[in-house]
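Inspection log for the structure reproduced underneath, given as structure tokens.
Just the heavy atoms: all of them, side chains too, but no hydrogens, waters or symmetry mates, feed the values below. Only a predicted model underlies this, so the values are computations on that prediction, with no experimental measurement involved.
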Amino acid sequence: MSGDGTDSGNPYETLDGNPYGASVEIFADESVLKEDWKPEKLPEREGELEEIRNALAPATRGVNAHNLFLYGKTGQGKTVAIDHEINLLQEYADDQDDLNLSVTKTSANNQTTSYQLCAHLIKEIRGGTKKPSGIDQQSMFDLLYDEISELEDTVIIVIDEIDTIGSNDELLYELPRARKNGHIEDQWVSVIGISNNLQFRDNLSPKVKDSLYDSEIEFAPYDATQLTSILERRADRAFVEGVLEDDVIPLCSAFAAQDEGSARQAIRLLYKSGEIALNHDDELVCESHVREARDILERKRIEEGMRSLTTQDQFALLSVVSLAIDEETPARTRQVYQKYKSIVDRLDGNQLVERRVRDHLQSLGMQGFLLATTRNTGIQGGSHYRFELKTDLEATLDILAEDNRIDSVVEDLVSVATAKNLV
DNA sequence: TCTCCACAGGAAATTGGGGGTT
DNA sequence: AACCCCCAATTTCCTGTGGAGA
């Protein structure tokens, strides 16, 4: 947006007081900081790239590439790395007469079973718009084999976020063996799975591990030093020279490294810091901007998560909120459940059994809304969880109030909380 | 050391809803 | 209309467990 607005003939530049005319120059090329910007080099991942290359190499020799699994948390460069190598391989294949390569790259996002993933792959390969359905699983697999048979001789299927299928992994067993089992005659098929979940591997069934596991590569989280060099490379292009104070990049790196070691997160933080400086008309990006950016991003993350809660999750959360206002947190599961029952009663919702509410509470804990600690008070209380609110009470009430299914209860809670000076 | 509380949490069965064919 | 497939959420039933106090 700002990059080519430097024409001297631009009439808007002379408009004094136009709110869109920023008076300070922060960004040189903002697009470098966007989510979809792909770096052309990954110096921090040379070793991993090399391993990927070795695994793909057999494809260049006319047989199937090794099956491959990439592990690592989000923002560790897994997707970028595989894209990079696949592109190189594709380029190479284009130059060779005797290597015909088909690469299908997709994300298993939201496909929670083998059946759905299979349907999804069929859709991707066909390029159609809707997934086949209504048939049994084996027919679905057969349909996929039909599609694959139409492809080139060497087929590589890249499946991002493959962990969403959990332990429902039959497709992963079938696919690499399709040729051996006679479902496919002319193709070499290999599968590259990318997983954000490090435990995914342990939950795979033994036969999948057996048939699919040629090699795996783990992407360890970046440390602060690596994040710093990643950020520096980006910042060189993204920012006007000299606008970043010296401690900005190290601080962004440190924050991100403390958390998940995610490059994505570090870059977001840097970007946001720049935007804040810009909005304040500050000429330099400094440490306080970074801290402000971190708070904003953190709050946004929580808000987004909270808005996407299911009704039952909201009930459970509301129960804990209510207990917090009564100043009875941390509360054990039974207390929360009592509160839950009364709330559901008032709202005329579906009342679930305690076992299930426990699961909801756990999941709220995992998402960072609740703090769940285990405790054991022996013969007096046995071992149990204690839940308390981890997020800001006022913000939580604000967000919950947006939902008109539950706002009557929220309003009451707000008035109680106000009376007690809690918000 | 042994007990026993009050849960935690695994596993299997059930429910209900979406999509389909015949 | 009658029936089939798949699946997430839930219920039902159950065994497992860490430590305070006898």
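- The NE2-C1' distance, from A/His384 to B/dA6, rounds to 9 Å in whole Å.
- The side chain of A/Tyr385 contributes an N or O atom lying less than 4.0 Å from OP1 or OP2 of B/dG9.
- Taking every side-chain heavy atom of A/Ser383 into account, C/dT17 is the closest of C/dT17, C/dA9, C/dC7.
- Between the P atom of C/dC4 and the CE atom of A/Met140 lies a distance of 19 Å, rounded to the nearest Å.
- Rounded to an integer number of Å, the gap from A/Asn350 CG to C/dA9 P is 14 Å.
- OP1 or OP2 of C/dG21 sits under 4.0 Å from a side-chain N or O of A/Gln380.
- Here A/Gln138 lies out of heavy-atom contact (under 4.0 Å) with every strand.
- Using modelled atom types, one side-chain atom of A/Ser102 and one backbone atom of A/Glu152 make a donor-acceptor pair closer than 3.5 Å.
- Each of A/Gly134 and A/Asp359 lies near DNA chain B, and the nucleotide nearest A/Asp359 is the one positioned closer to the 5' end.
- Distances shown here put a side-chain N or O of A/Gln362 below 4.0 Å from the OP1 or OP2 atom of B/dG9.
- A/Gln312 places no side-chain N or O within donor-acceptor distance of the main-chain N or O of A/Val357, the cut-off being under 3.5 Å.
- Nearest nucleotide to the A/Arg358 side chain, out of B/dA8, C/dC6, B/dC7: B/dA8.
- Separating the CD atom of A/Glu354 from the P atom of C/dT10 is a distance of 15 Å, rounded to the nearest angstrom.
- Listed nucleotides: C/dC13, C/dC5, C/dC7. Nearest to the side chain of A/Gln116: C/dC7.
- Picking from C/dG21, C/dC6, C/dT12 the nucleotide with the shortest atom distance to the side chain of A/Arg355 gives C/dT12.
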Go through it in stages, so that I can follow the logic: the residues are A/Glu170 and A/Gln137, the test is side chain to side chain donor-acceptor pair (under 3.5 Å), and I'd like the CA-CA distance, side-chain angles, deciding distance and then a yes or no. CA-CA 10 Å; A/Glu170 282 139 85; A/Gln137 179 160 298; 2.7 Å; yes

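- Closest contact between the side chain of A/Ile379 and the listed nucleotides C/dA20, B/dC7, C/dA9 involves C/dA20.
- For the pair A/Ile296/A/Arg299, no side-chain contact is recorded, criterion being any heavy-atom separation below 4.5 Å from C-beta on.
- Residue-to-nucleotide contacts include no donor-acceptor pair under 3.5 Å from the side chain of A/Arg375 to the base of C/dG18.
- Side-chain contact between A/His280 and A/His289: present, with at least one pair of heavy atoms (C-beta onward) separated by less than 4.5 Å.
- Within the structure, every side-chain polar atom (N or O) of A/Arg356 is placed at least 4.0 Å from both OP1 and OP2 of C/dA9.
- Distances shorter than 4.0 Å separate none of the side-chain N or O atoms of A/Ser133 from OP1 or OP2 on C/dC5.
- The CG atom of A/Leu361 sits 14 Å away from the C1' atom of B/dG9 (whole-angstrom rounding).
- No hydrogens or angles were tested; on distance alone, a donor-acceptor pair under 3.5 Å links the side chain of A/Asn376 to the base of C/dG18.
- The OH-P distance, from A/Tyr115 to C/dC4, rounds to 15 Å in whole Å.
- Judged by a 6.0 Å distance limit and a 45° cone about the ring axis, A/Arg405 is not positioned over the six-membered ring of A/Phe315.
- Taking atom NE2 of residue A/His360 and atom C1' of nucleotide B/dG9, one finds them 15 Å apart after rounding to whole Å.
- Nucleotide C/dC7 holds its C1' atom 13 Å from the CD atom of A/Gln111, rounded to whole Å.
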